[in-house]
Number of protein chains: 2
Amino acid sequence: MERFAIETRGLSGGGRVSATKLLVLGIVHLSGGAHGYQVRSELQSWGAESWAKIKPGSIYHALKKAAADGLLTEHAEPGNSGPERVLYRATARGRDEMVELVRDGLRRTNDADMLNASIAMLPMLTRTDAIAQVNERVARLEAELVVQAKWREHPNRDAPEHVRDQAELWAGHARTELEWAKSLSKRLSEGAYTMADDPGSWRTVPDHRKMRV
Amino acid sequence: MERFAIETRGLSGGGRVSATKLLVLGIVHLSGGAHGYQVRSELQSWGAESWAKIKPGSIYHALKKAAADGLLTEHAEPGNSGPERVLYRATARGRDEMVELVRDGLRRTNDADMLNASIAMLPMLTRTDAIAQVNERVARLEAELVVQAKWREHPNRDAPEHVRDQAELWAGHARTELEWAKSLSKRLSEGAYTMADDPGSWRTVPDHRKMRV
DNA sequence: AAACGTCTAGTCAAGGTTGATTAGACGCGC
DNA sequence: GCGCGTCTAATCAACCTTGACTAGACGTTT
């Protein structure tokens, strides 16, 4: 009966994939260490509350959970000016997990939040890897559109008419996403953005020169 | 400080709007009374696990919560054949709340799950009401596209380049949705679907002839 | 200089979500 | 007539999300 029990688990201790987790890990990493409020501000300036629907409350939870899972380290800092704060830094496992989350988010269809978060963290990947993941997404979307087309030819008679008509909307979204993914793949191939293996990326910048707030 | 404390609360005891709640209330109502497994099967046959991302576990919780809030009544039934079951029936408050949820889900932008669930429960509204809500949605989407266009002219310099480029994808989704909403409005005007005030709708069918499993 | 709003920084309880698990009934091949 | 898989029906603990709330510091208005 428990044939599939393990299957869905990823690199770390398990638990649901979450856009919050990815974004929090990503910002901490990009900042080369950050406290909660800093992550919160950075995400806000990226407009993440709207496209990933992240509320401040979730950020602190995600940070603590990631620290408990060994993906981040916690350093308590006495408040020299203002309240106390806790500094978080990414561990090696945290970096690996984050990269896997980005790759998965790009490759797999479904879940808009995860896709948005993955795109936001795209430069965590090398250029060739990113292109490969996006291309796999393109292939998946094309396959899904074929399935959807078949489904509309032979609709499920149990579902009411207006529910069946909803499929048009989903197909429209899938086509939009397909076009966008194709154009992203092309932009990447043409050298757009600074990826992990490009000069000037977060990876090639020495620690003391990384972004600070 | 608590100026807005009440504002977000709806008709009932409060709490977050949820696609699960709407679908569960809707199925119970449409079935003229149902137990958990029946709701689960019906949603499955509508393909709801995929488009509303509802897992069985959530359904039972939603039923109990709705019963605790007075939106449903619970009738324990001894298992004449098979395990025990609990029969749920919609109350008047449950019906009112559900209709409000559908209207809100149609009118307000954001949250794909809620929109999908609302469309699935569209025939809960009268035809004129449904058209009005969809038209308001059309207007909102058009306004949003204008805002997005302005945003792309004057992008936020704090966000990285690839995050700013993501806006193209959102705009594409918004345009897809806009076109679909317009066509839905048109179909409704032309008399498509059986709405709450049409002959043959769930509302005009006497209780004993309602769908049973 | 007391009052006021605002920014920094974070906690918390209440509630929602979910994968795993339980358990009886039922058909069916051997 | 016994084991096996499948269907019905639901429970539960672990985990995630969130709105509301706390609290110090700082500028600035009155």
Side-chain angles (χ1 to χ4, degrees), chain A residues 1-10 12-24 34-42 44 49 52-69 74 76-88 111 113-114 213, chain B residues 1-10 12-24 34-42 44 49 52-69 74 76-88 111 113-114 213:
Chain A
M1 266 300 161
E2 58 272 30
R3 287 151 300 172
F4 308 118
I6 310 301
E7 211 214 346
T8 52
R9 313 203 163 253
S12 102
R16 192 82 212 89
V17 292
S18 137
T20 309
K21 180 179 175 181
L22 170 54
L23 287 173
V24 161
H35 55 268
Y37 193 79
Q38 198 176 334
V39 173
R40 179 178 166 175
S41 308
E42 192 68 19
Q44 193 163 326
E49 329 89 347
K53 290 162 222 143
I54 291 184
K55 307 326 180 277
S58 316
I59 293 172
Y60 292 98
H61 170 76
L63 284 168
K64 280 181 190 163
K65 183 67 192 342
D69 287 350
E74 270 174 321
E77 287 203 339
N80 31 11
S81 91
E84 280 198 356
R85 35 163 83 170
V86 182
L87 226 213
Y88 293 91
D111 197 350
D113 288 356
M114 199 62 191
V213 173
Chain B
M1 265 299 165
E2 59 271 29
R3 287 151 300 172
F4 306 117
I6 309 302
E7 210 213 346
T8 52
R9 310 201 167 255
S12 101
R16 190 85 209 87
V17 290
S18 136
T20 309
K21 180 179 176 181
L22 170 54
L23 287 172
V24 160
H35 55 268
Y37 193 80
Q38 198 176 334
V39 173
R40 178 179 165 175
S41 310
E42 191 69 17
Q44 193 163 326
E49 330 90 344
K53 288 163 224 144
I54 291 184
K55 312 312 183 289
S58 315
I59 293 171
Y60 293 97
H61 171 76
L63 284 168
K64 279 182 189 163
K65 182 66 193 338
D69 288 352
E74 271 174 321
E77 287 203 337
N80 30 11
S81 91
E84 281 198 353
R85 35 163 84 174
V86 183
L87 227 215
Y88 292 91
D111 199 348
D113 288 355
M114 198 64 193
V213 174

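Every chain is numbered from 1, with letters handed out A, B, ... down the list of sequences.
Side-chain N/O atoms of A:Y37 include none lying less than 4.0 angstrom from OP1 or OP2 on C:dG10. Contact annotation: A:K65 side-chain N/O to D:dC16 OP1/OP2 distance is under 4.0 Å. Distances shorter than 4.0 Å separate none of the side-chain N or O atoms of B:S58 from OP1 or OP2 on C:dG16. Look at B:T20 and you'll find a side-chain N or O under 4.0 angstrom from OP1 or OP2 of C:dT17. Phosphate contact (OP1/OP2 of C:dG19, side-chain N/O of B:K55, threshold under 4.0 Å): absent. Distances shown here put every side-chain N or O of A:H61 at or beyond 4.0 Å from the OP1 or OP2 atom of D:dT18.
Rounded to whole Å, the distance from CZ on A:R85 to P on D:dT22 is 23 Å. One atom, CG of A:D69, and another, C1' of D:dA14, lie 13 Å apart when rounded to the nearest Å. With rounding to whole Å, B:K64 atom NZ is found 6 Å from D:dT11 atom C1'. As rounded to whole Å, 15 Å separates atom C1' of D:dT18 from atom CD of A:E49. Summarising the geometry, the separation between CD1 on A:I59 and C1' on C:dC12 is reported as 16 Å, rounded to the nearest angstrom. A:K53 places its NZ atom 13 Å from the C1' atom of D:dT17, with the value rounded to the nearest Å. Regarding A:D113, its CG atom lies at a distance of 16 Å from the P atom of D:dC16, rounded to whole Å. Nucleotide D:dT8 holds its P atom 11 Å from the OH atom of B:Y60, rounded to whole Å.
With sequence neighbours excluded, the residues forming a side chain to side chain donor-acceptor pair (under 3.5 Å) with A:H35 are A:Q38, listed by chain and number. Among residues two or more places apart in sequence or in another chain, the side chain to side chain donor-acceptor pair (under 3.5 Å) test is passed with A:E49 by none.
Residue A:T20 holds its OG1 atom at 9.5 Å from CE of A:M114, rounded to the nearest 0.5 Å. Distance check: B:E42 CD to B:L23 CG gives 11.5 Å after rounding to the nearest 0.5 Å. Atom-to-atom distance recorded for A:I59:CD1 and A:Q44:CD is 8.5 Å, nearest 0.5 angstrom.
Each of B:H35 and B:G57 lies near DNA chain D, and the nucleotide nearest B:H35 is the one positioned closer to the 5' end.
When each of D:dT17, D:dA9, C:dC7 is scored by its nearest atom to the side-chain atoms of A:S18, the top-ranked nucleotide is D:dT17.
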